[in-house]
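Scroll down for the structure; my scribbles are underneath it.
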Amino acid sequence: MRVFEIKDDWSFDSIVASERPEPNPGPYDVVIEMKMASLNARDLIVPLRGYGRGTGELPLIPISDGAGVVVAAGDQVSRVAVGDRVCPMFFQKWIAGAPSPAAFSSSLGGPLDGVMAERVCLSDEGVVRLPGTLSDAEAATLPCAGLTAWSAVCTLGNVRPGERVLVQGTGGVALFALAFAKAHGAHVTVISSSGEKLERVRELGADATINYRETPDWARASRTITSDRGGYDLIVELGGADTLPLSLKAIRPGGTIATIGVLSGVQTTASLGLIVTRQVRIQGVTVGHREGFEAMLAAIVQHGIQPVLGKTFAFDDFKASLDHFKAGGHYGKTLVAF
Ligand SMILES: NC(=O)c1ccc[n+]([C@@H]2O[C@H](COP(=O)([O-])OP(=O)(O)OC[C@H]3O[C@@H](n4cnc5c(N)ncnc54)[C@H](OP(=O)(O)O)[C@@H]3O)[C@@H](O)[C@H]2O)c1
């Protein structure tokens, strides 16, 4: 079968089209014929071995997120059946509750082989059946980007109606966070570098917007938005080094900063005083578990949430899809059709 793999060394030039033997499922395995894949920021980090030893070994099939149909199942498989449309879970071994080291070592697209293969063989524990209301493209956006936002806003953020939420940027995780926070009745502020993108998120339901290029001190600018609460109840932190110091100023006493992304760097100087004296909860978020994924699917169906889709590339143009995503400026999830 045809695959893409990072082959000889850790670099983008080393990503090549290749062949692998057809998978042979064990008694608890399913074979998924992939229909769609979608890209995430981590897919630009993996080819450079950016997660160190945790990135995996070469050759490695990249990309964590996708959707497909079950075409073969072992005789002990009970969770899904041949013909079911499914998503592979980002963490194959995180079913529910607190994460374990084994769960965190079970991510697709590094260290485990990912979904850029015509067929993928996984344990039936590591897949989730899809509702008919979601297209393959919409479903393919969920395993990393969707679930991370769900964990931040719902599982860990526990957002309540009327709460003030701030979302950083208009990338994949950010647009899901906006949708999930709105579905829970929150008042959502989105910050972006682009006036045009801010117009689009207002159409998606954002209640307030700030252009962080024109207004770099968005923490100060947001005071009027949160004056009745003394700051945001939840901040979906995606910027990292440059944004955390501002998030600490914009959060309300007792609020939660869901720390997810490091788009502007991983090392920062932040005021411990603000964290202590305002009793801020810094909540790391690492994608999420299968139970969260199933809850997210139920909410998506119930609220009619539609993932925001961007450009779609053909399987053979996978490297062009990475170039497009790397260039930035995208709006909506970048997809690869098989
Ligand atoms: N912890 C986890 O489990 C987890 C899971 C998924 C992703 N992540 C991380 O989350 C981040 C976002 O991932 P993604 O896949 O959603 O990326 P993405 O789709 O590429 O989103 C990029 C967007 O983020 C915004 N952005 C960039 N720098 C920013 C800054 N300094 N301040 C505010 N916004 C900024 C920009 O929005 P505008 O163009 O609107 O300005 C940009 O378009 C990455 O760091 C990724 O590694 C972590």
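Note that ligands are numbered from 1 as they come in the structure, with each ligand's atoms numbered from 1 the same way.
Both the backbone and the side chain of Thr170 come within contact range of ligand 1, each with a heavy atom under 4.0 Å. Looking at Cys144 against ligand 1, only its side chain comes within 4.0 Å, counting heavy atoms. Of the heavy atoms in Leu263, both backbone and side-chain atoms come closer than 4.0 Å to ligand 1.
Contact check for Thr55 versus Trp10: side-chain heavy atoms found under the 4.5 Å cut-off. Inter-residue side-chain proximity for Leu39 and Phe318 is flagged as met; some heavy-atom pair is nearer than 4.5 Å. Between Phe104 and Trp94, some side-chain heavy-atom pair lies under the 4.5 Å cut-off. Side-chain contact check for Thr226 versus Arg252: every heavy-atom pair is 4.5 Å or farther apart. For the pair Thr243 and Leu238, the minimum side-chain heavy-atom distance is 4.5 Å or more. Looking at Asp233 and Val165, their side chains never come closer than 4.5 Å, going by heavy atoms from C-beta outward. Side-chain contact between Thr170 and Val308 is absent, with no heavy atoms from C-beta onward closer than 4.5 Å. In this structure, the side chains of Phe12 and Asp323 stay at 4.5 Å or more apart for every pair of heavy atoms.
Judged as a side-chain hydrogen bond (donor to acceptor under 3.5 Å, both in side chains), the pairs with a partner in residues 279-301 (not counting sequence neighbours) are, in order, Arg79-Glu294, Glu125-Arg290, Thr256-Arg281, Arg281-Gln283. Residue pairs meeting the salt bridge (Lys or Arg N to Asp or Glu O under 4.0 Å) criterion with at least one member in residues 150-168, sequence neighbours excluded, are Arg164-Asp228.
Distances from ligand 1 to the non-hydrogen atoms of Thr286 include at least one value under 4.0 Å. Ligand 1 has Phe325 within reach: a non-hydrogen atom of the residue lies less than 4.0 Å from it. Not close to ligand 1: Lys333, with no non-hydrogen atom less than 4.0 angstrom away.
Residue, atom and distance of the protein heavy atom nearest to atom 9 (C) of ligand 1 are Gly261 CA, 3.6 Å. What sits closest to atom 29 (C) of ligand 1 on the protein, heavy atoms only, is Tyr212 OH, 3.5 Å. Looking from atom 7 (C) of ligand 1 to the surrounding protein, the closest heavy atom is Val173 CG2, 3.7 Å. Taking atom 8 (N) of ligand 1 as the reference point, the nearest protein heavy-atom neighbour is Ile260 CG2, 3.8 Å. From the protein, the heavy atom lying nearest to atom 13 (O) of ligand 1 is Ala41 CB, 3.7 Å. In terms of protein heavy atoms, atom 18 (P) of ligand 1 is closest to His330 NE2, 3.7 Å. When only non-hydrogen protein atoms are considered, atom 21 (O) of ligand 1 lies nearest to Gly171 CA, 3.2 Å. For atom 32 (N) of ligand 1, the closest non-hydrogen atom on the protein side is Thr243 CG2, 3.5 Å.
Close contacts of ligand 1 with Ser193, meaning ligand atoms under 4.0 Å from a residue heavy atom, involve 38 (P), 39 (O), 40 (O), 41 (O). Taking every non-hydrogen atom of Gly169 and a distance limit under 4.0 Å, the qualifying atoms of ligand 1 come out as 25 (C), 34 (N), 37 (O), 40 (O). Using a 4.0 Å cut-off to heavy atoms of Ser192, the atoms of ligand 1 that qualify are 38 (P), 40 (O), 41 (O). For ligand 1, the atoms closer than 4.0 angstrom to any heavy atom of Thr148 are 2 (C), 3 (O), 4 (C), 5 (C), 6 (C). Near Val262, meaning under 4.0 Å from one of its heavy atoms, ligand 1 places the atoms 45 (O). Of all the atoms in ligand 1, the ones that sit under 4.0 Å from a non-hydrogen atom of Val287 are 2 (C), 3 (O).
If you look at Trp150 and Phe180, their ring centroids are closer than 6.0 Å.
To the nearest 0.5 Å, atoms CG (Leu142) and CE (Met296) are separated by 4.5 Å.
Counting only heavy atoms, the protein never gets under 4.0 Å from atom 42 (C) of ligand 1.
Looking at Lys197 next to ligand 1, an N or O pair under 3.5 Å apart turns up. Note: no N/O pair closer than 3.5 Å links Arg42 and ligand 1 by distance alone. Checked by distance only, ligand 1 and Val285 come closer than 3.5 Å through their nitrogen or oxygen atoms.
When the shell of 6.0 Å around NZ of Lys249 is examined, it contains 12 or fewer heavy atoms from other residues, nucleotides or ligands.
The two residues Ser64 and Cys144 make their nearest non-hydrogen contact at OG-CB, 4.0 Å.
When the heavy-atom distances from atom 19 (O) of ligand 1 to Gly172, Ser264, Gly288 are ranked, the shortest goes to Gly172.
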